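Working notes, beginning with the structure itself.
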Protein chains: 2
Amino acid sequence: MAHVTGDGTVGKALEVLDQVAAFGRPVRFSELLAQSPFPKPTLYRFVQTLTNQRMLAYDPDRQTYTPGLRLVRLAHAAWEQSTLAPIARPHIEALSSQVGETVHLAQLDHAHVLYVDKVNAAQPVEMYSQAGKIGPAYCTGVGKTMLAFIASDRVEECIAQQSFHIFTPHTLTGPEALREELRDIRTRGYGFDREEHEPGIICVAMPILSESGRVHGAISVTSTTERNDLAGLEAQVPLLRETATSISRDIHNWSFPDHDKKQATGG
Amino acid sequence: MAHVTGDGTVGKALEVLDQVAAFGRPVRFSELLAQSPFPKPTLYRFVQTLTNQRMLAYDPDRQTYTPGLRLVRLAHAAWEQSTLAPIARPHIEALSSQVGETVHLAQLDHAHVLYVDKVNAAQPVEMYSQAGKIGPAYCTGVGKTMLAFIASDRVEECIAQQSFHIFTPHTLTGPEALREELRDIRTRGYGFDREEHEPGIICVAMPILSESGRVHGAISVTSTTERNDLAGLEAQVPLLRETATSISRDIHNWSFPDHDKKQATGG
DNA sequence: AAAACAGTTTCATTATTTGAAACATGGTTT
DNA sequence: AAACCATGTTTCAAATAATGAAACTGTTTT
């Protein structure tokens with residue numbers, strides 16, 4: 001019930017891959033086994049197969065597994081082809097240098113925030129986000145802003161997937177608080193993070209919308225309570241909106257090019 | 001031997017994933033089918049499964065597939081746990097700012113060069129490399145340098161996998177030229193790229209060796225013929241060697257820590 | 001020496017994958 | 001409007017691959 005795995009053998013193998021990645025450190029076979037739904041020989045063969053395929057890397061000295069290099073290779077292709085990063089890069093770099101703060105570019109993956117690019121301020125601040133990293137949607141500026149603009153029939157299933165873990169005194173505490181916040185964001189047109197994920201970290205976030213109103217992602221300007229406040233960030237909204245619009249326009253031009261030339265598939 | 005596929009259903013599915021990634025652009029089902037060894041329904045199901053699993057992304061408007069966002073998520077874990085990048089970062093940043101040139105950090109993936117990190121010079125130069133990108137081993141500084149120091153029984157199988165495509169007038173033209181070059185690099189202790197991959201781009205590369213002499217990767221200082229030459233790069237060898245040694249030491253300390261404290265995974 | 005443990009292999013059973021063929025869908029031509 | 005065609009989707013019996021209890025190996029602990 002809980003596990004929507006399905007997808008036969010391939011789905012199960014990928015579940016194992018996720019499990020290894022989730023450990024966040026080199027992991028032994030027995031550690032995997034201890035929390036795996038699969039019996040020993042089954043898990044063993046999955047791990048063997050994934051290692052053969054370089055989706056996992058095995059360290060013979062320490063007898064541990066980590067996610068493999070083939071993933072880095074594949075992800076580079078994903079990042080180039082399936083994210084807004086290559087298109088948005090010049091725009092968010094310009095934005096960051098104009099406002100002098102860190103800028104994030106994020107997209108929704110499942111119901112969570114995937115940071116696909118990040119341009120640091122001249123004086124960078126230590127914070128959770130990092131390109132490639134996943135974060136919660138219900139307590140981040142980009143996350144809430146994207147949720148506010150997705151198709152209404154998908155909102156509830158996304159809300160259901162939020163953990164509503166309390167990170168700070170300002171973290172929204174449940175579905176109802178989030179629904180109200182999303183209404184606010186929809187009417188206002190952009191969202192804030194009021195130290196909801198990390199103490200001292202605040203941001204304004206703007207959705208990247210297609211002409212038809214579909215959300216492609218969001219960008220945010222992030223700062224700290226030490227050197228800025230919400231009013232100061234809100235002052236950047238015109239620039240933020242301009243940037244989001246430019247990115248949106250470029251996406252559209254990229255998706256429907258003149259297509260006068262067709263690339264041959266030749267070997 | 002030739003086909004390393006094997007690995008049953010999972011191996012085949014990953015083969016499809018590679019194929020999509022290799023296209024480098026959104027691809028239609030029929031395009032995949034045209035160059036797939038699998039019959040139509042089989043390929044169809046693989047693509048469905050991979051899309052379900054978010055290893056592929058489907059664009060319903062254009063009816064095309066691209067590598068999926070789950071890969072970016074997984075690769076972030078791979079990059080953090082299975083590459084030298086997190087350990088080497090501070091060292092290569094220091095090196096880059098000291099020499100004022102672009103610095104690469106690379107590892108071998110299969111028999112090819114995987115760029116796992118890159119620090120740009122103050123005045124960056126357009127070039128092929130990019131973190132996450134794969135490149136040829138036989139015609140890059142880092143590639144040749146790593147090949148020069150891998151276990152001798154693995155060298156030939158790696159050489160056999162090189163394409164020996166001629167990129168520039170300086171590209172090594174075949175296995176024998178490469179073997180000789182590797183001998184030179186072994187005796188000298190470091191390698192050069194003499195415009196072998198891209199015209200005007202040159203570099204010096206230093207291996208990152210463990211105490212037992214195993215290659216973990218390589219770093220390089222890259223420049224252009226416009227603003228430097230090989231002698232100028234060679235002058236940076238002491239700094240390069242120092243950096244490589246520092247990284248190597250950190251790898252060792254990281255691999256065999258006192259292990260007194262265990263890091264919690266908490267958010 | 002015995003017991004405990006982590007990792008690996010075996011093999012009959014079971015479930016999944018396979019692919020030829022048929023079907024659906026949308027667009028184009030006659 | 002009928003015939004055609006290219007793409008994408010479904011069916012179903014046969015072929016294949018995955019499964020897991022149990023047994024085995026090699027290493028460490030008692």
Side-chain angles (χ1 to χ4, degrees), chain A residues 1 3-20 23 25-68 255-256 259 262-266, chain B residues 1 3-20 23 25-68 255-256 259 262:
Chain A
M1 277 296 176
H3 282 248
V4 203
T5 312
D7 293 324
T9 315
V10 175
K12 292 177 203 167
L14 292 175
E15 204 180 326
V16 173
L17 193 56
D18 265 350
Q19 214 198 327
V20 175
F23 260 87
R25 61 172 173 82
V27 64
R28 297 191 64 132
F29 174 73
S30 55
E31 296 180 288
L32 286 175
L33 183 60
Q35 53 169 253
S36 175
F38 305 115
K40 199 165 25 162
T42 303
L43 181 66
Y44 179 71
R45 275 179 309 242
F46 279 138
V47 166
Q48 291 285 91
T49 301
L50 291 169
T51 305
N52 263 337
Q53 296 287 332
R54 302 198 326 289
M55 300 294 277
L56 287 178
Y58 179 64
D59 177 342
D61 297 330
R62 316 179 67 195
Q63 297 197 141
T64 54
Y65 297 88
T66 44
S255 301
F256 307 97
H259 236 220
K262 218 187 220 168
Q263 195 88 323
T265 337
Chain B
M1 283 293 172
H3 279 248
V4 204
T5 311
D7 293 325
T9 316
V10 175
K12 293 178 202 166
L14 292 175
E15 206 179 323
V16 173
L17 193 56
D18 265 349
Q19 214 198 328
V20 175
F23 261 87
R25 61 172 173 83
V27 64
R28 298 190 63 139
F29 174 73
S30 56
E31 297 179 287
L32 286 175
L33 182 62
Q35 54 170 254
S36 176
F38 304 115
K40 204 181 351 180
T42 303
L43 181 67
Y44 179 72
R45 275 179 310 241
F46 279 138
V47 166
Q48 292 285 90
T49 301
L50 290 169
T51 305
N52 264 337
Q53 296 286 332
R54 302 195 328 289
M55 299 294 278
L56 288 179
Y58 179 64
D59 177 343
D61 297 330
R62 316 179 65 197
Q63 296 199 141
T64 54
Y65 297 89
T66 45
S255 301
F256 307 99
H259 236 221
K262 217 186 225 168

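From a predicted model like this one, the values you see are computed outputs, not experimental measurements. Every chain is numbered from 1, with letters handed out A, B, ... down the list of sequences.
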Worksheet item: What is the distance from atom CD of B:Q48 to atom CZ of B:F29, rounded to the nearest 0.5 Å?
Response: 9.0 Å
Fill in: Residue pairs, two or more places apart or on separate chains, that pass salt bridge (charged side-chain N to carboxylate O under 4.0 Å, His left out) and touch residues 46-57 of chain B
A:D109-B:R54
Fill in: Below 4.0 Å: OP1/OP2 of D:dT9 and any side-chain N or O of B:Y44
yes
Worksheet item: Which residue pairs pass the salt bridge (charged side-chain N to carboxylate O under 4.0 Å, His left out) test with at least one member in residues 36-46 of chain B, sequence neighbours excluded?
Response: none
Worksheet, complete the sentence: Sorted by chain and number, sequence neighbours left out, side-chain hydrogen bond (donor to acceptor under 3.5 Å, both in side chains) with A:D18 holds for B:R70
Item to complete: Using whole Å, report how far CG of B:L33 lies from P of D:dA6.
Response: 14 Å
Worksheet item: Tell me, for nucleotides 18-30 of chain D in 5' to 3' order, what letter each nucleotide earns: B for a base near a protein heavy atom under 4.0 Å, S for only sugar-phosphate near one, - for neither?
Response: SBBBB--------
Practice prompt. Test B:L17 against B:F46 for side chain to side chain contact (heavy atoms under 4.5 Å, CB included), laying out the working first.
Written response: CA-CA 9 Å; B:L17 193 56; B:F46 279 138; over 6 Å; no
Worksheet item: Going 5' to 3' along DNA chain C, which nucleotides are the first and last within contact of chain A (any atom under 4.0 Å from a heavy atom)?
Response: C:dA6 to C:dT17
Discussion item. I need the CD-C1' distance between A:Q48 and D:dA17, as an integer number of Å.
Written reply: 17 Å
Worksheet entry | Set of residues satisfying side-chain contact (heavy atoms from CB on, under 4.5 Å) with respect to A:T51, sequence neighbours excluded | A:V47, A:L56, A:Y58, A:Y65
Discussion item. Measuring from atom CG of B:L14 to atom OG1 of A:T49, what distance do you get when rounded to the nearest 0.5 angstrom?
Written reply: 9.5 Å
Practice prompt. Sequence neighbours left out, what passes side-chain contact (heavy atoms from CB on, under 4.5 Å) with B:T64? Give chain and number order.
Written response: B:P26, B:R28, B:D59, B:R62
